[in-house]
Student: 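Below is one structure. I have some questions about it.
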Amino acid sequence: MTNTFEQYESEVRGYCRSFPTVFSSAKGAWMTDTSGQRYLDFFCGAGVLNYGHNPDKIKQALLAYLMRDGITHSLDMYTEAKQRFIERFNEVILQPRGLHYKFQFPGPTGTNAVEAALKLARKVTGREQVVGFTNAFHGMTLGALAVTGNGFKRAGAGVPLGHSASVPFDGYLGADTDTLDYFEALLKDGGSGMDKPAAVILETVQAEGGVNVASVEWLQRLRRITAEHGILLIADDIQVGCGRTGGFFSFEEAGIVPDIVTLSKSLSGYGLPLALVLMKPEFDQWAPGEHNGTFRGHNPAFVTATAALAHWESDTLARDVARKGALVERQLQRMVQRLTPGAQVRGRGLIWGVEFSDATLAGRISQACFERGLIIETAGIDDQVLKLLPSLTISDEELQHGLDVIETSLQAVLGQADAQPQACAELAKAA
Ligand SMILES: *Cc1c(COP(=O)(O)O)cnc(C)c1O
């Protein structure tokens, strides 16, 4: 059944190895494979499907647009679909938050948005260096990779990655160290060996990096430091924006205003590729066509992204995310207390991670979950963190069902004590 892929698709394929079946349809929080087996989706395309699979209202808007032969491709020419998106995004998202940004539509993937943001920051400041954080993830093209932490992915570049520096993220040196003391000292000291950066690129919650959550105070201090030194702050909200942490932007909670924001993943609301770079107007220093591309702003994706904005006309979804997030946290805390007391539970909104002291546990739980009809991935440099990314629109019953499957799977994995001496140790600790 999966032979076609093993025979013809490059060895580079990844997620299909964790979830080895052939999917054929999906609705809401569920995916169905060709044998009719249903899976509850706690991965959501790594945060692409915040509103679930094939949501009806968004699908209707897309179908109506296609049926009336609305334009599909237009390079970056003016279209009705793009105009509606810009106007509605301003009305529904930016204006109510007091934000003023100009819009750049780069190529449709997240890494395209990151590349555009990095180029712009370098052009605006005339500086070369960009600071990223330990365990950061910003994409696979060379510029984005240079500010990404993962050594295996970095090595894939095949060329030196430069014009970047990595500094410790919040919590990297333990709970008692404010890592910004170090960063600020480097910036202030002419002997530090760090060139003054053009920008700092930030994830408020490092999703791929293991669900590492920056505190509000740390984010506010980072904003102060970057402003004081004339360094642009780029918020990469590709995975944790679009409501994942509750507010539309993940940085809202800290009350900070980044100079540049990158969005992609859930922006189209339907799984269609779309990326956006938001920049403060004074930093819009591009010359016409200086950064271009063929697929900049895909009209069907503008249509679905505009329809998705209906979720943001009230605070219902944000409140719902906060409530569901609290439920997830409670349940995970209870689970680890009962079964793996050493484990850490981290998250915000509806992104949660569980880091076990046995690094192999997360992968084995993910596999056991898949066998029980739940799709859930791991994160972190050693895949040591079980990462929960349910859709924001998931029902309470579905959410509870998924959490129950995780607990059952953890129990089952710990029960394989003979084959797994380390799991046995976790169990012994729990007893
Ligand atoms: C996924 C992701 C990217 C890269 O997006 P692609 O569409 O895979 O290129 C960049 N930054 C963050 C934070 C991401 O989660």
Side-chain angles (χ1 to χ4, degrees), residues 12-16 43-50 104-121 130-150 152-154 156-157 161 164 166 169-170 199-214 219 233-245 248-251 258 260-278 293 295-298 301 305 347-353 377-381 383 385 387-389:
V12 79
R13 63 193 194 277
Y15 294 120
C16 51
F43 185 34
C44 285
V48 169
L49 300 159
N50 280 4
Q104 178 183 1
F105 300 104
T109 69
T111 203
N112 293 141
V114 169
E115 293 294 338
L118 297 177
K119 266 195 194 178
L120 183 64
V130 175
V131 165
F133 291 100
T134 48
N135 288 305
F137 180 83
H138 297 293
M140 288 294 105
T141 49
L142 294 182
L145 206 47
V147 284
T148 287
N150 187 309
F152 168 65
K153 305 267 199 250
R154 292 177 65 89
L161 296 170
S164 60
S166 184
F169 190 70
D170 191 16
V200 169
I201 185 164
L202 163 79
E203 299 156 278
T204 62
V205 179
Q206 295 183 320
E208 298 302 309
V211 193
N212 307 312
V213 183
L219 293 170
L233 181 63
I234 303 170
D236 180 350
D237 240 4
I238 288 169
Q239 186 158 163
V240 296
C242 301
R244 179 50 62 184
T245 63
F248 184 85
F249 296 110
S250 73
F251 50 82
I260 300 177
V261 181
T262 55
L263 291 170
S264 180
K265 291 205 166 88
S266 267
L267 180 62
S268 81
Y270 201 75
L272 298 180
L274 180 67
L276 172 60
V277 180
L278 297 168
F295 291 103
R296 277 175 304 143
H298 182 52
R348 257 180 73 197
L350 272 176
I351 175 164
W352 286 90
E377 247 296 0
T378 59
I381 189 64
D383 296 319
V385 179
K387 182 169 88 165
L388 288 75
L389 278 178

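Ligands are counted one by one from 1 in listed order, and the atoms in each one are counted from 1 as well.
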Student: Provide the number and element of each atom of ligand 1 under 4.0 Å from a heavy atom of His138.
Tutor: 10 (C), 11 (N)
Student: Is it the case that the side chains of Gln239 and Glu203 hold a donor-acceptor pair, with the cut-off being a distance below 3.5 Å and no angle test?
Tutor: no
Student: Is there a side-chain contact between Asn50 and Lys265, using heavy atoms and a 4.5 Å cut-off?
Tutor: no
Student: Carefully, step by step, assess Arg348 and Val240 under the rule side chain to side chain contact (heavy atoms under 4.5 Å, CB included).
Tutor: CA-CA 9 Å; Arg348 257 180 73 197; Val240 296; over 6 Å; no
Student: Name the residue from Val130, Asp236, Val131, Ile234 that meets the side chain to side chain contact (heavy atoms under 4.5 Å, CB included) definition with Val147.
Tutor: Val130
Student: What protein heavy atom sits nearest atom 11 (N) of ligand 1, and how far away is it?
Tutor: Asp236 OD2, 2.7 Å
Student: Tell me the protein heavy atom at minimum distance from atom 7 (O) of ligand 1, and give that distance in Å.
Tutor: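 That would be Gly110 N, 2.8 Å.
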Student: Can you check whether Thr111 has an N/O within less than 3.5 Å of an N/O in ligand 1?
Tutor: yes
Student: Before you tell me yes or no, could you show the steps for Ile351 and Val211 under side chain to side chain contact (heavy atoms under 4.5 Å, CB included), namely the whole-Å CA-CA distance, both residues' side-chain angles and the distance that decides it to 0.1 Å?
Tutor: CA-CA 7 Å; Ile351 175 164; Val211 193; 4.1 Å; yes
Student: Ligand 1 versus Thr109, non-hydrogen atoms closer than 4.0 Å: side chain, backbone, both, neither?
Tutor: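 It is both backbone and side chain that touch ligand 1.
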Student: Does Glu208, backbone or side chain, put an N or O under 3.5 Å from an N or O of ligand 1?
Tutor: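 N/O-N/O distance under 3.5 Å: no.
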Student: Is there a side chain to side chain contact (heavy atoms under 4.5 Å, CB included) between Phe251 and Val261? Walk through the geometry before answering.
Tutor: CA-CA 10 Å; Phe251 50 82; Val261 181; 3.9 Å; yes
Student: Just to be sure I read this right, does ligand 1 sit under 4.0 Å from the backbone of Glu203, its side chain, both, or neither, counting only heavy atoms?
Tutor: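 Contact part for Glu203 vs ligand 1: side chain (C-beta onward).
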Student: Run the contact test for Lys265 against ligand 1 with a 4.0 Å cut-off on heavy atoms, strictly below, and give the result.
Tutor: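 Lys265: in contact with ligand 1 (<4.0 Å).
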